[in-house]
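For reference, the structure is listed below as structure tokens.
Note: hydrogens, waters and symmetry copies are ignored here, and every other heavy atom, side chains too, is used. Because the structure is predicted, anything quoted here is derived from the model rather than measured.
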Amino acid sequence: MSSPRAESILAHLDPQQQEVCRQLSGPVCVLAGAGTGKTRAITHRIAYGVASGAYRPSQVLALTYTAKAAGEMRIRLGRLGVREVQARTFHSAALAQLRHFWPREVGDRPPHLIPGKLRLLGTAAERTTGALRPETLRDVAAEIEWRKVRDLTLDQFAQLGRPEPAGLEPGQLVRLMREYERVKDARGEMDFEDVLLATLGMLTQVPAVAAEVRERYRVFVVDEFQDISPVQFLLLRAWLGARRDVCVVGDPSQTIYSFAGADARLLTGFPEQFPDATVLRLTHNYRSTSQIVGVANRLIGGEPGALRLESDRPGPAVEIQAFPDQVQEADAVAAWAASLIAGGADPSALAVLVRVNAQTAEFERAFAAAGVPCALRQAQPFFARPSVARAVVMLRAEAASPASAPFLDRVDAVLRECGWGAEPPVGSESWASWADLQALRDLAAGLPAGTDLAGFSADLLERKAAAVEPATKAVTISTIHAAKGLEWSVVFVTGLCDGSLPISAARTPELQEEELRLLYVAVTRARERLFLSWPGRVGSSRRSPSPFLARLRSRPGFRGTSTLDGTAPTAAE
């Protein structure tokens with residue numbers, strides 16, 4: 001029987017989430033739709049397991065795919081009073097084990113981890129094919145990663161007959177890949193994928209290492225399991241050994257990284273790997289209105305493994321608009337954003353999503369012309385920006401000095417030294433720096449009463465280490481891939497024409513299905529309002545609407561036109 005403390009952890013969860021928490025033993029597969037609170041469910045599951053005595057926190061390994069997601073998981077567990085659980089990416093967990101065991105088992109330091117492949121590939125190319133263009137080297141690097149995440153030897157890869165990247169003659173790709181491996185090994189270096197392969201090799205070939213790891217970690221939780229690659233799955237099985245306490249969480253409809261090795265069949269086929277698995281579902285969407293959820297359901301309705309979402313929160317109709325060309329599309333989106341902001345909307349609550357990075361330039365131009373601050377996602381990390389780095393150092397120094405002034409007054413004084421002011425420099429080139437400093441100011445203002453400067457400085461360092469960035473007062477412009485896992489009140493999904501989404505390279509049914517899932521991910525980023533648009537011309541090319549829009553047109557809950565004169569709706573609409 002669980003304790004009152006354990007039961008209190010479940011108090012604010014819905015029945016589906018509570019069921020996830022109560023299934024503490026054996027293999028568990030949680031199919032969790034977008035916005036259904038999956039991270040909340042699995043962190044509470046870990047906390048419930050610890051509070052009920054089923055888990056020792058130091059024996060739990062929670063795995064996810066980005067440092068930011070792992071940091072967010074650690075923060076959530078900390079708020080639930082659980083601080084000894086290891087929350088890591090697959091690569092981080094594997095690298096830690098490799099660095100621990102390698103000196104003992106091999107008698108030397110592990111190979112040096114290289115930040116990228118292009119330098120070594122350039123050397124390998126000079127020895128085999130001759131100098132290659134950077135784009136060709138990047139294509140070869142992608143092939144190397146494709147091979148390794150599928151745990152294929154070079155001979156196995158050669159038998160597949162993969163097409164040569166542009167700039168290579170038949171047979172040159174495999175020769176170049178072999179030379180890359182020789183150069184890397186001779187220099188005592190390893191790449192990102194080698195971390196997983198080397199750890200897997202050590203676990204399978206050295207029984208003492210496997211036994212020690214399996215004694216250390218007895219419970220595994222894997223988030224975003226639809227993104228797992230074959231080599232990551234093999235590594236998970238090696239970590240588990242004969243143990244069965246593993247909980248995986250994912251959504252087949254959000255599989256958008258097949259090009260990087262993700263294989264959703266490892267999620268949908270989990271009961272085949274673990275015949276005694278308990279399969280649970282999270283289907284109540286807490287993020288989006290019922291209108292937005294309706295769009296999402298219509299997009300993926302009938303797709304294999306798709307979960308039908310539920311929402312009981314009404315909202316405005318979803319907009320579908322067409323434009324003569326991409327210039328007018330960008331201008332209209334910028335005008336709409338300006339209208340919403342003028343009506344009181346927070347710029348950071350708005351996002352423009354595109355399929356590829358090349359589409360962002362037109363929106364940057366339009367937003368600049370409209371005087372609307374915007375920020376590209378995947379730009380320089382927040383805490384690496386010069387103004388932020390300087391402010392963090394100065395805040396730490398101020399925290400170490402004696403002072404009697406109130407907390408926020410001290411923060412303001414430091415930020416003013418760094419160039420911040422109470423009013424934004426609209427239209428100024430220094431706006432981006434101001435917005436970053438304002439984000440620090442907003443963090444400070446949102447802290448609990450009684451927080452001092454030392455506590456704020458420590459919080460900033462924790463956020464930096466966990467890659468948890470505050471929101472800046474700007475409209476986000478992002479690719480759909482980079483937006484996965486995020487959400488905004490208002491989302492503009494743009495460029496919905498054939499050749500852009502689905503992208504022209506998606507010629508097979510499998511690639512078309514992945515493009516559809518991309519659109520599903522984009523749609524489910526929106527909380528309150530969703531705007532879908534497509535241009536009739538991109539550059540000099542005429543475009544037809546995306547075939548995916550045929551699933552949405554002539555359905556209730558929409559409003560839209562075939563053309564738009566550029567007039568933006570008001571914030572009150």
Does this structure show an ion pair linking [X] with [Y], if we count only N-O contacts that are shorter than 4.0 Å?
| X | Y | value |
| --- | --- | --- |
| E181 | R178 | no |
| D223 | K38 | yes |
| E193 | K117 | yes |
| R313 | E528 | yes |
| D251 | R281 | no |
| R22 | E7 | yes |
| E272 | R265 | no |

Non-hydrogen side-chain atoms of [X] and [Y] separated by less than 4.5 Å:
| X | Y | answer |
| --- | --- | --- |
| V246 | W239 | no |
| L443 | L460 | yes |
| V140 | P165 | yes |
| F233 | F225 | yes |
| Q17 | H12 | no |
| V248 | F274 | no |
| E515 | F548 | yes |
| L299 | L516 | yes |

Kindly indicate, with the supporting measurements, whether the criterion side-chain hydrogen bond (donor to acceptor under 3.5 Å, both in side chains) is fulfilled by Q226 and E224. CA-CA 5 Å; Q226 76 279 348; E224 303 288 3; 2.6 Å; yes
I'd like to know whether CZ of R244 has more than 12 heavy-atom contacts from other residues, nucleotides or ligands below 6.0 angstrom. yes
Taking atom CZ of R216 as the centre, report whether more than 12 heavy atoms of other residues, nucleotides or ligands fall under 6.0 Å from it. yes
Check against side-chain hydrogen bond (donor to acceptor under 3.5 Å, both in side chains), S253 and R517: CA-CA 6 Å; S253 297; R517 293 193 295 268; over 6 Å; no
To the nearest 0.5 Å, tell me how far [X] [atom1] sits from [Y] [atom2].
| X | Y | atom1 | atom2 | result |
| --- | --- | --- | --- | --- |
| R551 | S546 | CZ | OG | 9.5 Å |
| N297 | L309 | CG | CG | 5.0 Å |
| L267 | C29 | CG | SG | 5.0 Å |
| E145 | R147 | CD | CZ | 11.0 Å |
| H44 | L10 | NE2 | CG | 8.0 Å |
| L353 | L519 | CG | CG | 10.0 Å |

Between [X] and [Y], is any side-chain donor less than 3.5 angstrom from a side-chain acceptor?
| X | Y | answer |
| --- | --- | --- |
| Q273 | R237 | yes |
| E514 | S258 | yes |
| Y55 | D245 | no |
| Q18 | Q16 | no |

To check you understand the geometry: which heavy-atom pair defines the closest contact between [X] and [Y], and what is its length?
| X | Y | value |
| --- | --- | --- |
| P111 | M190 | O-CE, 3.5 Å |
| T268 | P252 | CG2-CG, 3.8 Å |
| D227 | Q254 | OD1-O, 4.2 Å |
| R525 | G485 | NH1-N, 3.4 Å |
| S288 | N285 | N-OD1, 2.6 Å |
| W488 | A351 | CD2-CB, 3.2 Å |

Donor-acceptor pair, side chain of [X] and main chain of [Y], under 3.5 angstrom:
| X | Y | answer |
| --- | --- | --- |
| R45 | V20 | yes |
| T199 | V195 | yes |
| R287 | T524 | yes |

Between Y257 and H481, how do the two ring planes meet: parallel, tilted or perpendicular, split at 30° and 60°? tilted
Where at least one partner belongs to residues 104-115, residue pairs that pass salt bridge (charged side-chain N to carboxylate O under 4.0 Å, His left out), sequence neighbours excluded: R104-E212
Show your reasoning for whether side-chain contact (heavy atoms from CB on, under 4.5 Å) applies to V523 and V318. CA-CA 10 Å; V523 162; V318 173; over 6 Å; no
Please evaluate residues E72 and R76 with respect to the criterion salt bridge (Lys or Arg N to Asp or Glu O under 4.0 Å), reporting the C-alpha separation (whole Å), side-chain torsions for both, the decisive distance (0.1 Å), and the verdict. CA-CA 6 Å; E72 176 66 25; R76 291 195 188 207; 3.1 Å; yes
Start with the C-alpha distance between I9 and C21, add both sets of side-chain angles, then the distance that settles side-chain contact (heavy atoms from CB on, under 4.5 Å), and finish with yes or no. CA-CA 9 Å; I9 291 171; C21 292; 5.8 Å; no
So L197 and D151, side-chain contact (heavy atoms from CB on, under 4.5 Å) or not? Walk me through it. CA-CA 8 Å; L197 291 167; D151 194 32; 3.5 Å; yes
